[in-house]
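Everything on this sheet refers to the single structure shown next.
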Amino acid sequence: NAGVTQTPKFQVLKTGQSMTLQCAQDMNHEYMSWYRQDPGMGLRLIHYSVGAGITDQGEVPNGYNVSRSTTEDFPLRLLSAAPSQTSVYFCASKVQGSGRGNSPLHFGNGTRLTVT
Amino acid sequence: AQSVTQLDSQVPVFEEAPVELRCNYSSSVSVYLFWYVQYPNQGLQLLLKYLSGSTLVESINGFEAEFNKSQTSFHLRKPSVHISDTAEYFCAVSDRGGGFKTIFGAGTRLFVKA
């Protein structure tokens, strides 16, 4: 059971370039999300999805797009990278449903992105 | 809206000493509370969670946390730490409805010295 898989592990971009961070989970979790982790700021929610075709914004959505065409995959797109997007990005999933706020998140190992 | 404050950014402690990592939260709705641990170059893993019932919850590796509703706190404790406990610890809250947004604190880096 692979859990949550993120690719790539490392990426360097130049300002203005675009790229997609991939996330896949094999646990049949309805809920998937993207966080960014910055020193001294913990993890901040970028976007989340409660099922295929349904996405919503988190705390820091600007500069990022998402889509959810399948239960398994939840890619994060940077359309025009900026140095402020240098960060470590984590994908996380969990069981979702009415009253399931008690379900813990399952995290991938992260993508370290540097924008120069 | 919810927010989480972890009162210490770094906690150095000697091996076999007790430790407490402090967490306070703010929320306009009822929440579930979590502690996650992150080892170097890895994602976060669930350490323990408070859902309801007894205010003291325990993990399998000796950590415990106590929910204090009046003080809106969820401090993490361990009576005797090991070198292997060196990691970053995150306190988090999730609303008791759909739990669509899990909000994390800034993290506390625990450094256990020999």
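Every heavy atom of this structure was used, including side-chain atoms; hydrogens, water molecules and symmetry mates were not. A note on names: the letters A, B, ... follow the listed sequences, proteins ahead of strands, and every chain is numbered from 1.
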TODO: Over all heavy atoms of both residues, which pair between B:Y36 and A:L105 is shortest? Give the atoms and the distance, please.
DONE: OH-N, 2.9 Å
TODO: Indicate the ring-plane relationship of B:F104 and A:F107, choosing parallel, tilted or perpendicular according to the 30° and 60° boundaries.
DONE: perpendicular
Open item on the list: Would you say CZ of A:R112 has more than 12 non-hydrogen atoms from neighbouring residues, nucleotides or ligands within 6.0 angstrom?
Closed with: no
Task: Side-chain heavy atoms of B:T102 within contact of A:Y31, under 4.5 Å - done: no
TODO: Group every Ile, Leu, Val, Met, Phe, Trp and Tyr by side-chain heavy-atom contacts under 4.5 Å, then state whether B:F63 and B:I83 land in the same group.
DONE: yes
Task: Nearest-0.5 Å distance that lies between atom NE2 in A:H106 and atom CG in B:L44 - done: 12.5 Å
Open item on the list: Between A:F90 and B:Q38, is there a side-chain heavy-atom distance shorter than 4.5 Å?
Closed with: yes
Task: Residues of residues 16-29 of chain B near chain A, each having a heavy atom less than 4.5 Å away - done: none
TODO: Please look at A:L43 and chain B and tell me whether the side chain, the backbone, both or neither of the residue comes under 4.5 angstrom of a heavy atom of that chain.
DONE: both
TODO: Flag the pair A:S103 / B:K49 as yes when at least one side-chain heavy-atom distance between them is below 4.5 Å, and no otherwise.
DONE: no
Open item on the list: Between A:Q6 and chain B, with a heavy-atom cut-off of 4.5 Å, which part of the residue counts as in contact: side chain, backbone, both or neither?
Closed with: neither
Open item on the list: Shorter than 4.5 Å, heavy atoms on both sides: which option in A:G42, A:G108, A:C91 has the most such pairs with chain B?
Closed with: A:G42
Open item on the list: Within a 6.0 Å radius of atom CZ on B:R109, are there more than 12 heavy atoms belonging to other residues, nucleotides or ligands?
Closed with: no
Open item on the list: Quick check: is B:L7 connected to B:F67 through a chain of hydrophobic side chains (ILVMFWY, heavy atoms under 4.5 Å apart)?
Closed with: no
Open item on the list: Let me check something: do A:V95 and B:L33 share a hydrophobic cluster, defined by ILVMFWY side-chain heavy atoms less than 4.5 Å apart, either directly or through other members?
Closed with: no
Open item on the list: How close do A:G40 and B:A106 get, counting heavy atoms only, and between which atoms?
Closed with: O-CB, 3.4 Å
Task: Which atom of A:P104 lies closest to which atom of B:L46, heavy atoms considered - done: CB-CD2, 3.5 Å
Task: B:K113 atom NZ: more than 12 heavy-atom contacts under 6.0 Å - done: yes
TODO: Calculate, to the nearest 0.5 Å, the distance between atoms CD1 and CG belonging to B:I103 and A:L45 respectively.
DONE: 6.5 Å
Task: side chain to side chain contact (heavy atoms under 4.5 Å, CB included) between A:Q57 and B:K101, worked out - done: CA-CA 10 Å; A:Q57 297 181 350; B:K101 297 183 180 182; over 6 Å; no
Task: chain A contact via B:Q6 - side chain, backbone, both or neither, heavy atoms under 4.5 Å - done: neither
TODO: Please check if B:L47 and B:F74 belong to a single hydrophobic cluster, counting links between Ile, Leu, Val, Met, Phe, Trp and Tyr side chain heavy atoms closer than 4.5 Å.
DONE: yes
TODO: May I ask whether B:V37 and B:V13 are part of the same hydrophobic cluster, defined by side-chain heavy atoms of I, L, V, M, F, W, Y residues being less than 4.5 angstrom apart, directly or through others?
DONE: yes
